[in-house]
Amino acid sequence: MDAAHEEQTHGNWRNTLFYVTFLYFTVGFSPYISLSSTYQGSAMAEGSNLLNQLTAIILLFSFMVFMVKERSFSIVFTPRLLMAAIFGWYIFTSVVGEAPMFSLRRLVMCAIICVLAGCFLQLPRTERHFATLLASCAMIILFLCYFGVIVLPSRSIHQASDALEPLLAGNWRGVFQHKNEAASVMAVLIIVAIYLCKRWSFIGGLLVLLLSMFFLIKSGGKTVLGLVPIIIATGWFIVGWPGWRYMVVTVLLLVFTVVTVGTTVEPVFSQMLTRIGIDASFTGRTDIWTVAIDYIRQSPILGYGYQAFWRSDTLMSSFTENNSWATTAPASHSGYFDLLLAGGVPGLVLVLVWIYLLPLHYLGRMNEATRNSPLTRLYVGVWLYVLLYGFLETLFFLSAGFVWFFLLVAVMGLHLQANASLVEDEMEPDLPEPAMKTGLLSRTREKEVRDC
């Protein structure tokens, strides 16, 4: 009885940590926030969210206790040499950058998120358990979003009275601060729903898919809506024919680079997009990208420090000098530009090795059965989505955010898939205790240690 009670308590602890972590990164502590007024001053003077930081530290401590019991530290902060190089470089650029203490505090939060993502996939006991937890979280998020639209429309739908971007009036945002954030989360939930149809319940997964798709449409996320079929098709192709994975993904990235950067620096590209009915300004983003490119040229190697460029005192003061609203933007709306602004070309290259090349490497190391599994397709879908949408939104190497967290989970999941065999079903009750403590993935520990 004591052993059964202990196992149940341990299972409840796993579930609680999973739910709290998922909701922390999606809903956070400011759901249904009013946009009638907003802070537009310097980011350094704004201050930090103490409750948010305290929760992250508590989660980190809880995960550390869990990992000590599971003896699973081999996968935390991996690959460690690359992670040390990335954080070491960004620490250096931050120390010599615009706001050293501000940047270093946010880097610590980024490091905590990386640790949490590495531990997150160790919580489910089996893949079936993982699918059930993921389905529950998806349903909670969708319920909260639709509840807000129905009961609290003024705080869940963009209004004409919003202090910023009143032209977005009518677009749904649910519990999130902006319709773009809502659209990103819905895109991830669509990818999750496809997985749930195969591993949890076809009817339940289909319901999540339809609800997520409808909310995405109502959010006005046309770009995200157009990306979803591209991501699904690309993921299906590179999983089925892995020998083409480097070429296909690289060509996609180059095309997106030419389209986004090209429209900013070369009018010919803008004219071409306009002729085929595409907004060549990407809803005003090119103004921001012009500012970003100008400053990247001034400091291409070191950048300006981690998250220290936008809304810095220097940039804010240039608003009156240059009379450009883009200098007051909170971010560049491009994860790649923001990596360059934070850590220069070396910082961009290091992060791309982590989130672009390594997942492709992991995909090639999997056996055919693992590579074609719904779990691998889930990770590939999320990874591709963030990699491509990162050209239009700041999604990489952040100190907060569900999409960045889930990208880390996807990359870690691909790493585990490359070194593990799936545990398809729950362990039988009469199995010995070591087997009962198996996590989501039954790992070959020697391979894990070598890869670290």
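Because the structure is predicted, anything quoted here is derived from the model rather than measured. Every heavy atom of this structure was used, including side-chain atoms; hydrogens, water molecules and symmetry mates were not.
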Problem - Aromatic contact, Y336 with Y356 (centres under 6.0 Å) - result: no
Problem - Set of side-chain contact (heavy atoms from CB on, under 4.5 Å) partners for T223, sequence neighbours left out - result: Y389, L392
Handout entry: From F406, F402, F405, residue fulfilling ring-ring contact (aromatic ring centres under 6.0 Å, His included) relative to F25
Key = F405
Practice task
May I ask you to decide if L82's main-chain N or O and W354's side chain share a donor-acceptor pair within less than 3.5 Å?
Solution key: no
Problem - Sub-4.5 Å side-chain heavy-atom contact between T26 and L144 - result: no
Exercise for the section: Would you confirm whether W289, through its side chain, and S332, through its main-chain N or O, come within 3.5 Å as a donor-acceptor pair? Expected result: yes
Completion exercise
Rounded to the nearest 0.5 Å, the CD atom of Q417 sits from the CE atom of M412 at a distance of 12.5 Å
Exercise for the section: State, yes or no, whether a side-chain contact exists between C145 and M186 at a heavy-atom distance under 4.5 Å. Expected result: yes
Exercise for the section: Decide yes or no for Y379 and Y362: does some side-chain heavy atom of the first lie under 4.5 Å from some side-chain heavy atom of the second? Expected result: no
Handout entry: From CD1 (I141) to CG (L23), nearest 0.5 Å
Key = 5.5 Å
Practice task
To the nearest 0.5 angstrom, please state how far the CD atom of Q307 sits from the CZ atom of F397.
Solution key: 9.0 Å
Practice task
Find out whether I232 and Y385 are in side-chain contact, i.e. whether some heavy atom of one side chain is under 4.5 Å from a heavy atom of the other.
Solution key: no
Problem - Worked check of side chain to side chain contact (heavy atoms under 4.5 Å, CB included) between L378 and L134 - result: CA-CA 12 Å; L378 166 66; L134 204 55; 4.1 Å; yes
Practice task
Identify which one of V261, V291, I288 satisfies the side chain to side chain contact (heavy atoms under 4.5 Å, CB included) criterion when paired with F337.
Solution key: V261
Exercise for the section: Hey, could you give me the NE2/CG distance between H333 and L395, rounded to the nearest 0.5 Å? Expected result: 11.0 Å
Handout entry: Expected output: side-chain T21 to main-chain F18 donor-acceptor under 3.5 Å
Key = no
Handout entry: Side chains of M213 and L225 in contact at under 4.5 Å (non-hydrogen atoms)
Key = yes
Exercise for the section: State the OG1-OH distance between T93 and Y306, to the nearest 0.5 angstrom. Expected result: 10.5 Å
Practice task
Please answer whether the main-chain N or O of A418 pairs with a side-chain N or O of R371 as donor and acceptor at a distance below 3.5 Å.
Solution key: no
Exercise for the section: Please check if the side chain of S299 supplies one atom and the backbone of Y295 the other of a donor-acceptor pair under 3.5 Å. Expected result: no
Practice task
Taking W383 for its side chain and L360 for its backbone only, find out whether a donor-acceptor pair lies under 3.5 Å.
Solution key: no
Exercise for the section: Determine whether more than 12 heavy atoms belonging to other residues, nucleotides or ligands lie under 6.0 Å from atom CZ of F29. Expected result: yes
Exercise for the section: Any chance you could measure C137, atom SG, to L142, atom CG, to the nearest 0.5 Å? Expected result: 11.0 Å
Handout entry: Side-chain heavy atoms of Y24 within contact of N52, under 4.5 Å
Key = yes
Exercise for the section: Answer yes if the side chains of Y90 and S103 hold a donor-acceptor pair under 3.5 Å, and no otherwise. Expected result: no
Exercise for the section: For residues S94 and L107, determine if any side-chain heavy atom of one lies less than 4.5 Å from a side-chain heavy atom of the other. Expected result: yes
Exercise for the section: Could you tell me whether the side chains of N180 and R173 share a donor-acceptor contact shorter than 3.5 Å? Expected result: no
Practice task
Using atom types as modelled and distance alone, determine if a side-chain donor or acceptor of S399 lies under 3.5 Å from a backbone N or O of M109.
Solution key: no
Fill in the blank from the handout: By ring pair (Phe, Tyr, Trp, His ring centres under 6.0 Å), Y304 pairs with (sequence neighbours left out) F309
Exercise for the section: Would you confirm whether W404, through its side chain, and L398, through its main-chain N or O, come within 3.5 Å as a donor-acceptor pair? Expected result: yes
Handout entry: Backbone N/O of T370 and side chain of T376: donor-acceptor pair under 3.5 Å
Key = yes
Problem - Close side-chain approach of L17 to L59, heavy-atom, < 4.5 Å - result: yes
Problem - Intermediate values then yes/no, side chain to side chain contact (heavy atoms under 4.5 Å, CB included), L116 and I112 - result: CA-CA 6 Å; L116 295 182; I112 290 175; 4.1 Å; yes
